[in-house]
K.L.:
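Take a look at the following structure, please.
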Amino acid sequence: MRMYDLIMKKRNGGTLTDEEINFMIDGYTKEEIPDYQMSAMMMAIYFQGMNEKETLALTMAMTNSGDTLDLGMIEGIKVDKHSTGGVGDKTSLALTPMVASLGVTVAKMSGRGLGHTGGTIDKLESFKGFSTEISEEKFIDNVKNIGIAIMGQTADLAPADKKLYALRDVTATVDNMSLIASSIMSKKLAAGADAIVLDVKTGSGAFMKNEKDAFSLAHEMVKIGNGAGRKTVAIVSDMDQPLGNAVGNALEVREAIDTLKGEGPKDFEELCVTLGSYMLVAAKRAESVDEARQKLVECINDGSALAKLAEFVEAQGGDKSYVYDTDKLPTASIIEEIESPCDGYVSRIICDEIGICSLILGGGRETKDSVIDLSVGFVLKKKVGDKVNKGDSLATIYANDREKLNIAKERFLKAYTISDKKVEKARLIKGVITE
Ligand code: URA
């Protein structure tokens, strides 16, 4: 088999066989196929597309290009959750203890944040002593004993995707549905869960800027997951403004804890309950989504989800007293209000700009090696659809550096549009894809 012939076949609109796709991914991982030939193939796929069977074959070839986790020694149905990323997305922090308190096994590998979106591991490090650098043995023990463990990615999961994604990034071939879906799903399948619940974000703070693309991606990923024998559901949710109110690591931890006490923002609680309900059904801990929703509301009301978070933090070396006294979380030295310059209604928030403002304050990572400031960020006081008067606080800003605060504040104000006409509040859940 020759890569040249495969490039020509795809360029001319042909369909690649499973064998051809395996040859290409295997050769590329082993560096037997050079970047220039793979670039040409990516461009051919970009223009000619891939059908369902080809997309599944590509995903499986990338999944099998490195380590795959075997969670077989952990009893029960393991359910993973994945978000395509957004601003203020602290869902895992609240959702995982919620579902774990109801008997769902959470064995999760998480990443750190890069750019304007945050990472779960960084946020969890707001608890003094908390570590995700735990041995595989401890990881399995914690999952068995308390039902929840999160570790940093140690295994070499889907290395072909890592190489290909870097190549696509510099050859203008990222935004093709089959390539994005297979990239995300190869990593999820390698992580070993039996069922997967996907949170596909759409809007100005998301990878998928418009709803149509988000639904297409959700459909592609659900087809791949189910085709690979893992029960997969996707929720398409709004990211046209930050989720909840808090943006910034420790601030988001505080908001997740407030939510587990029943005192969090309603949009964030609703997303956790919606995602959690599909996780409970997939894990056979509830017969229906409605029953699952009731259980999830109950685990907040009776304090069991909060207790599970404390148990989880302690099991990974963290100080659990922070869960009950959030004033112990890292705090910024400068706290100020950002005031509205006029009367009106908030009609738009450029969501990724708010993420970039948090990055400017030091709350995000510009490069892989940047050290982040856990205490900085924003707590929004006004969101889309809210009425504001001149001088009202749009948000509280938390900073440790006056110069950075000034730059971030100016940019934050530009991200808000305030108009005379009242606008409708955005719908949070845009749809659910199960087939
Ligand atoms: N995220 C991924 O992991 N892969 C893509 O191709 C795009 C976003």
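Please read these numbers as outputs of a predicted model, since none were measured by experiment. Read the numbers this way: they start at 1 and go in the same order the structure lists the ligands and their atoms. In this chain, numbering begins with 1 at the start of the sequence shown.
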K.L.:
So which heavy atom in the protein is nearest atom 3 (O) of ligand 1, and how far is it from that ligand atom?
P.N.:
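Going by distance alone, atom 3 (O) of ligand 1 is nearest to Lys187 NZ, 2.5 Å.
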K.L.:
Salt bridge check, Lys162 against Asp156: does any charged N sit closer than 4.0 Å to a carboxylate O?
P.N.:
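Lys162 and Asp156: not salt-bridged.
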K.L.:
Centroid separation under 6.0 Å, is that true for the rings of Phe378 and Tyr398?
P.N.:
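Not close enough - the centres of the two rings lie 6.0 Å or further apart.
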K.L.:
Return yes if a side-chain donor-acceptor contact under 3.5 Å exists between Asp161 and Ser186, otherwise no.
P.N.:
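Checked: Asp161/Ser186 side chains show no N/O donor-acceptor pair below 3.5 Å.
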K.L.:
Heavy atoms only: which of Ser186, Ser183, Gly85 lies closest to atom 5 (C) of ligand 1?
P.N.:
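The option holding the nearest heavy atom is Ser183.
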K.L.:
For atom 8 (C) of ligand 1, what is the nearest protein heavy atom, given as residue, atom name and distance?
P.N.:
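Closest protein heavy atom to atom 8 (C) of ligand 1: Tyr165 OH, 3.5 Å.
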K.L.:
Do Lys430 and Phe215 meet the cation-pi criteria used here (NZ or CZ under 6.0 Å from the six-membered ring centre, within 45° of the axis)?
P.N.:
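No, Lys430 and Phe215 do not form such a contact.
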K.L.:
Does atom CD of Glu32 have more than 12 heavy-atom neighbours, drawn from other residues, nucleotides or ligands, at distances under 6.0 Å?
P.N.:
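More than 12 heavy atoms, drawn from other residues, nucleotides or ligands, come within 6.0 Å of this atom.
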K.L.:
Looking only at distances, can you tell me whether any N or O atom of Asp161, backbone or side chain, sits closer than 3.5 Å to an N or O atom of ligand 1?
P.N.:
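Looking only at distances, the answer is no, because the N/O contact criterion of under 3.5 Å is not met.
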K.L.:
Mark up the atoms of ligand 1 that fall under 4.0 Å of a heavy atom belonging to Arg168, in ascending order.
P.N.:
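Per the distance check, 6 (O).
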K.L.:
Within the 4.0 Å heavy-atom shell around Phe207, which atoms of ligand 1 are there?
P.N.:
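In order of numbering, the contacting atoms are 7 (C), 8 (C).
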K.L.:
Is ligand 1 less than 4.0 angstrom away from at least one heavy atom of Ile184?
P.N.:
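Right, Ile184 reaches ligand 1.
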